[in-house]
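Computation of the quantities below employed the complete heavy-atom set of this structure, encompassing side-chain atoms and omitting hydrogens, waters and symmetry-equivalent molecules.
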Amino acid sequence: MPRSLADGHVKVIICTTKPANPAAPTAAELTAGIDASCNIMASDFAFGATDSDKVAEKALCVVNNANALGAGNYTAGMTVFRYWDAVTLAADAVADAVFDAVRDKGTTLWVYARETAKLATAAIAAGDELYLGAEVLTDTPQTPSDRGGFIKRRVPMEVQAAYDDIVVAA
């Protein structure tokens, strides 16, 4: 059975409108969102589960620590490339849509990520596996300390609700 290389295979969709069922968004709802895959820097993209909280309530007879797993935790953040119109030297209203969506601190968004053998440029379809869907709250975009390369902003996010390993509904 062949393995798939990860490069170029992560599709990220940002929805500014809450899907009817965030745990099972439809292909139409996701297609109406913003395909952010080519607007996010790969090297520091963070979107996934982290270690759960620990509950230390072992029985008296247990010799070692025997923690139970508590509430789940998630990490989310992305560096977004900015896009400028070469003629007017103003932000390009279409190409800069991802930054416009995450621009304001406290914005609630629904973010979905697919990482399968399909390329990031392949359309979303019913039945696609999404490794994570999450309701996120954006923080203030930050200017990177290294101003080399493309103009970009790092956007930390706080996950409010998460949906692991879900499938795009018909």
Side-chain angles (χ1 to χ4, degrees), residues 4-55 67-83 94-144 150 152-170:
S4 293
L5 290 172
D7 291 340
H9 290 261
V10 179
K11 185 175 197 72
V12 175
I13 296 175
I14 298 173
C15 296
T16 57
T17 302
K18 183 179 183 178
N21 179 357
T26 65
E29 288 170 325
L30 294 175
T31 300
I34 303 165
D35 184 345
S37 308
C38 293
N39 298 61
I40 297 171
M41 191 166 75
S43 63
D44 71 347
F45 176 64
F47 190 64
T50 61
D51 293 352
S52 296
D53 288 346
K54 310 300 186 275
V55 180
N67 293 330
L69 294 177
N73 294 306
Y74 293 83
T75 186
M78 60 183 72
T79 297
V80 178
F81 295 116
R82 297 295 317 272
Y83 290 82
V94 175
D96 214 31
V98 174
F99 181 73
D100 285 341
V102 300
R103 168 190 306 267
D104 297 323
K105 178 180 179 177
T107 300
T108 299
L109 301 169
W110 293 265
V111 180
Y112 294 89
R114 177 186 75 195
E115 184 178 33
T116 65
K118 287 185 175 184
L119 288 172
T121 53
I124 280 286
D128 280 357
E129 176 185 308
L130 304 173
Y131 79 83
L132 183 64
E135 177 182 328
V136 300
L137 192 61
T138 62
D139 200 350
T140 304
Q142 303 167 357
T143 303
F150 296 109
K152 55 197 167 285
R153 297 292 180 263
R154 175 81 185 149
V155 182
M157 299 175 179
E158 289 295 323
V159 175
Q160 306 299 299
Y163 314 98
D164 295 296
D165 300 312
I166 59 177
V167 174
V168 176

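- For the pair Ser43 and Thr79, the minimum side-chain heavy-atom distance is 4.5 Å or more.
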Applying side-chain contact (heavy atoms from CB on, under 4.5 Å), run through Val80 and Lys152 and close with a yes or a no.
-> CA-CA 5 Å; Val80 178; Lys152 55 197 167 285; over 6 Å; no
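- Checking Tyr74 against Asp164 by side-chain atom types alone, a donor-acceptor pair falls below 3.5 Å.
- Under a 3.5 Å cut-off, the side chain of Tyr83 and the backbone N or O of Val94 do not form any donor-acceptor pair.
- For the pair Arg153 (side chain) and Val102 (backbone), a donor-acceptor distance under 3.5 Å is absent.
- In this structure, OG1 on Thr140 lies 9.0 Å from CG on Asp104, to the nearest 0.5 angstrom.
- The local environment of CD in Glu115 is crowded, with over 12 non-hydrogen atoms from other residues, nucleotides or ligands closer than 6.0 Å.
- Between Glu158 and Val136 there is no side-chain heavy-atom pair separated by less than 4.5 Å.
- Contact check for Met78 versus Met157: side-chain heavy atoms found under the 4.5 Å cut-off.
- For the atom pair Leu30 CG and Ile14 CD1, the distance stands at 12.0 Å (nearest 0.5 Å).
- Looking at Glu29, its side chain does come within 3.5 Å of a backbone N or O of Ala20 through a donor-acceptor pair.
- Of the inter-residue distances, the one linking Ile34 atom CD1 with Leu109 atom CG reads 8.0 Å to the nearest 0.5 angstrom.
- Asp35 approaches Ser37 most closely through the heavy-atom pair OD1-OG, 2.7 Å.
- For the side chain to side chain contact (heavy atoms under 4.5 Å, CB included) with Leu130, the lone residue among Ile13, Ile124, Val167, Asp165 that qualifies is Ile124.
- Separating the NZ atom in Lys118 from the NZ atom in Lys11 is a distance of 9.0 Å, to the nearest 0.5 Å.
- Closest heavy-atom contact between Asn73 and Ser52: ND2-C, 3.7 Å.
- Looking at every heavy atom in both residues, Val159 comes nearest to Ala134 through CG1-CB, 4.0 Å.
- What you find for Ala170 and Ala126 is that their closest heavy atoms are CA-CB, 3.6 Å.
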Report the C-alpha separation of Phe45 and Val10 in whole Å, then their side-chain angles, then the decisive distance to 0.1 Å, and conclude whether the side-chain contact (heavy atoms from CB on, under 4.5 Å) test is met.
-> CA-CA 10 Å; Phe45 176 64; Val10 179; 4.3 Å; yes
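- Side-chain contact between Glu135 and Thr108 is present, with at least one heavy-atom pair separated by less than 4.5 Å.
- Closest non-hydrogen pair, Tyr112 versus Pro22, comes out as OH-O, 2.8 Å.
- In this structure, Lys105 places its NZ atom where only 12 or fewer heavy-atom neighbours from other residues, nucleotides or ligands lie under 6.0 Å away.
- Atom CG of Asn39 and atom CZ of Arg82 lie 11.0 Å apart (nearest 0.5 Å).
- To the nearest 0.5 Å, the span separating CD on Gln160 from CG on Leu137 amounts to 5.0 Å.
- Closest approach of Gln142 and Pro156 over heavy atoms only: NE2-CG, 3.4 Å.
- At least one donor-acceptor pair closer than 3.5 Å links the side chain of Thr138 to the backbone N or O of Thr107.
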